[in-house]
Amino acid sequence: MGITVGQLVSDPLLKTRIVAGAAGAGRLVSWAHACELDAPWEWLGQGDLVMTTGFAVPAAGDAQAVFVERLSAEGLAGIAIGENMNAPPLTAAMLEAADRCAFPLLMTAYEVPWVALSRAVVRANQREEREQLSRMVRMYDRVRRAAIEGHDAVRLIDDLAAELGSELHVVGFDGTTTFRGAAAPPEPLLAELRRQLAARDMRPPAVLRLRGGAQTTLAVPVPAGRSALLLVTPRGAEPPLALLQHVATMVALEVEKLMADREHRRRIGSELLASILEGRVEDAVAASQLEMHGLRPDTLVLVALERSSPMVRSDLHSRLADRGIAHVLLRRGETVLIALDAGGGAVADLVEVAGHDAYVGVSTQPIAGPARIPDAVREARLAVRAARSGERRVVRYGENDEPFMPRTVAEANSVVNRVLGPLIEYDREHGADLVHSLEQFLEANRSWRRAAETLFVHKQTLVYRMKRVEELTGRRLDDTGDVAELWLALQALKLVG
């Protein structure tokens, strides 16, 4: 049966009395826990008794009333305040709120340690503790049998839900369902989850209570490497928080298995894309391996992604997998290259997943075979640079309004050969560095001093090199038109190598 607040205060050794909310003396106490945080309901569960020296109690009367109302609404058993310690004066508004909510407001004598109340609750609840332990054992047995019989995560979560008598969902912080094939929670519930997480800078407490419908849903953090939450909607009595945290740990094992599998697939996909770009794999082999990743080799599109947040870049493959988007990706410096299906809205989903701060460049589509992937990568890189320079989120190669961007890789090659060809040939024959020196000179906005410092050469050496550039290209570095042509040719050279 456990112990009620009234039975607890009737023990003379505990020297605890009810100062308000006596109508709630029949509330059962499942646990007693010391908490000095200003929102104890985010760390404790239903039936818990809050014990505080007073730091948790607000000073203002209105705030005290709201504090009591929230404690009562979240199902806590009561609050015990240490007498003559750190609490501000208890106002009439607080006492009236406790009486109105039938929420026991207790005062414990200064000389009584909190552990005395905790022990009294533990002794009274030993039977309930044994029953809770038995439930935990049954749940861990379900995990064991799932591992032996090869059940997937969705089935295991359904089994745990049946044991808890609750509806369970596992979602990311953005509300995306973590395990493919699992039913998604109602959208109003997810909207409330996003709102509460945003208000807390995406740092959930031990438990969030979401009121997206008639029944309160509990959101408990899943202690896995990837941010996830266990959403629990009880069909009857609310399960103890300690039990839910055990279930969250069980779910964490499934999340880690999922993430390990996704990371394995990411590495294989990255190696495949790198091999295609470097010409280390035959087209027929590349085509069959792309199909193993769910991609048709003749309907691909290449995307280059830049300036997405570090967290999104590191987790991009998993975010795409959450949405069921087949892909392979390769990180090259600050750029992420992704091969996707050209249809089905995959690119639009990628843009959404990448975040508002990302620049996205898209190749011509479809690619029509693995042999075209290297050219498509160059197109995507050129498109993402156009997006960045024009402060546009998405640019599709060949479908943009940039007047100076080459429309094809062949056109980019033509620009490089026509403008920079003599410099490239000279560097090759003489072991010189004219192309790089020109690039650094223009990057420095034609500052002789800054460019020389970047190249670690004397200013006069740089002057000699730029005169040689002018001689070989037939273009002057004090002519705006010639400088613009040289600059654009250097950008094309970066693409075609």
Side-chain angles (χ1 to χ4, degrees), residues 1-126 128-129 200 205-209 216 218 238 240-242:
M1 178 61 184
I3 190 171
T4 65
V5 173
Q7 290 169 335
L8 196 64
V9 299
S10 67
D11 186 340
L13 296 178
L14 298 180
K15 298 182 180 180
T16 298
R17 67 187 187 278
I18 299 178
V19 296
R27 293 193 184 212
L28 284 172
V29 181
S30 59
W31 190 254
H33 192 82
C35 182
E36 302 295 348
L37 300 174
D38 56 4
W41 50 83
E42 293 186 347
W43 306 97
L44 302 177
Q46 284 198 344
D48 288 347
L49 175 69
V50 182
M51 301 182 298
T52 175
T53 63
F55 286 119
V57 179
D62 291 345
Q64 287 184 351
V66 171
F67 181 69
V68 167
E69 290 167 356
R70 188 65 186 273
L71 288 169
S72 178
E74 300 297 355
L76 277 76
I79 181 169
I81 302 172
E83 194 168 18
N84 299 323
M85 291 188 181
N86 304 305
L90 306 187
T91 65
M94 184 179 192
L95 300 177
E96 189 277 330
D99 287 334
R100 185 177 67 254
C101 298
F103 182 78
L105 195 61
L106 313 180
M107 193 67 67
T108 300
Y110 179 85
E111 65 271 19
V112 177
W114 290 135
V115 69
L117 272 73
S118 297
R119 284 173 177 164
V121 173
V122 169
R123 284 195 300 269
N125 286 316
Q126 285 181 341
E128 282 76 8
E129 290 294 321
R200 292 167 172 78
V207 60
L208 274 177
R209 287 181 168 81
T216 297
L218 310 179
E238 181 179 303
L241 179 57

S.K.: Is it the case that the side chain of S72 and the backbone of F103 share a donor-acceptor pair, with hydrogens and angles ignored and the cut-off at 3.5 Å?
M.R.: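 Side chain of S72 to backbone of F103, a donor-acceptor pair under 3.5 Å: no, none is there.
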
S.K.: What is the distance from atom CG of L76 to atom OG of S30, rounded to the nearest 0.5 Å?
M.R.: 8.5 Å

S.K.: Could you measure the distance from the OG atom of S118 to the NE2 atom of H33? Nearest 0.5 Å is fine.
M.R.: 8.5 Å

S.K.: Passes side-chain contact (heavy atoms from CB on, under 4.5 Å), W43 versus V207? Steps please.
M.R.: CA-CA 6 Å; W43 306 97; V207 60; over 6 Å; no

S.K.: Within the structure provided, determine whether I18 and L105 are in side-chain contact (heavy-atom separation under 4.5 Å).
M.R.: no

S.K.: Considering all heavy atoms of both residues, which atom of W114 and which atom of I81 are nearest to each other, and what is their separation?
M.R.: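 Closest approach of W114 to I81, heavy atoms only: CH2-C, 3.9 Å.
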
S.K.: Which salt bridge (charged side-chain N to carboxylate O under 4.0 Å, His left out) pairs, counting each pair once, include a residue from residues 34-54, with sequence neighbours left out?
M.R.: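 Pairs touching residues 34-54 that pass the test: E42-R200.
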
S.K.: Got a second to check how far L117's CG is from L13's CG, nearest 0.5 Å?
M.R.: 11.0 Å

S.K.: Can you list every salt bridge (charged side-chain N to carboxylate O under 4.0 Å, His left out) pair that touches residues 21-30, not counting sequence neighbours?
M.R.: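 Listed by first then second residue: nothing to list.
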
S.K.: Residues in side-chain contact (heavy atoms from CB on, under 4.5 Å) with A120, at least two apart?
M.R.: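 Residues passing side-chain contact (heavy atoms from CB on, under 4.5 Å) with A120: L8, L14, R123.
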
S.K.: I need the minimum non-hydrogen distance between A116 and V112, along with the two atoms involved.
M.R.: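 For A116 and V112, the tightest heavy-atom pair comes out as CB-CG1, 4.1 Å.
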
S.K.: By the salt bridge (charged side-chain N to carboxylate O under 4.0 Å, His left out) test, which pairs, at least two apart or in different chains, include something from residues 61-86?
M.R.: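 Found R17-E83, E69-R100, R70-E74, E74-R209, E74-R211.
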
S.K.: Drop me the distance from I3's CD1 to L28's CG, to the nearest 0.5 angstrom.
M.R.: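 That separation rounds to 9.5 Å.
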
S.K.: Would you say the side-chain atoms of Q7 pair up with the backbone N or O of A25, donor to acceptor, closer than 3.5 Å?
M.R.: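 Such a contact is absent between Q7 side chain and A25 backbone.
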
S.K.: Between Q46 (side chain only) and G75 (backbone N and O only), is there a donor and an acceptor less than 3.5 Å apart?
M.R.: no

S.K.: Run the side-chain hydrogen bond (donor to acceptor under 3.5 Å, both in side chains) test against N86 and tell me which residues pass, sequence neighbours left out.
M.R.: T53

S.K.: On a heavy-atom basis, which atom in Q64 and which in P58 lie closest, and how many Å separate them?
M.R.: NE2-O, 2.9 Å

S.K.: Could you note down all residue pairs passing salt bridge (charged side-chain N to carboxylate O under 4.0 Å, His left out) where residues 111-122 supplies at least one of them, sequence neighbours left out?
M.R.: K15-E111

S.K.: I need the minimum non-hydrogen distance between P40 and F67, along with the two atoms involved.
M.R.: CD-CE1, 3.8 Å

S.K.: Do V50 and W41 come within less than 4.5 Å of each other through their side chains, counting heavy atoms only?
M.R.: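 V50 does not reach W41 side chain to side chain.
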
S.K.: Does I79 reach the side chain of T52, with side-chain heavy atoms less than 4.5 Å apart?
M.R.: yes

S.K.: Which atoms form the tightest heavy-atom contact between M107 and L90, and what is the distance?
M.R.: CE-CD1, 3.6 Å

S.K.: Testing the basics here: between G45 and L241, what is the closest heavy-atom pair and its distance to 0.1 Å?
M.R.: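 Scanning both residues completely, I find the closest heavy atoms to be N-CD2, 4.0 Å.
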
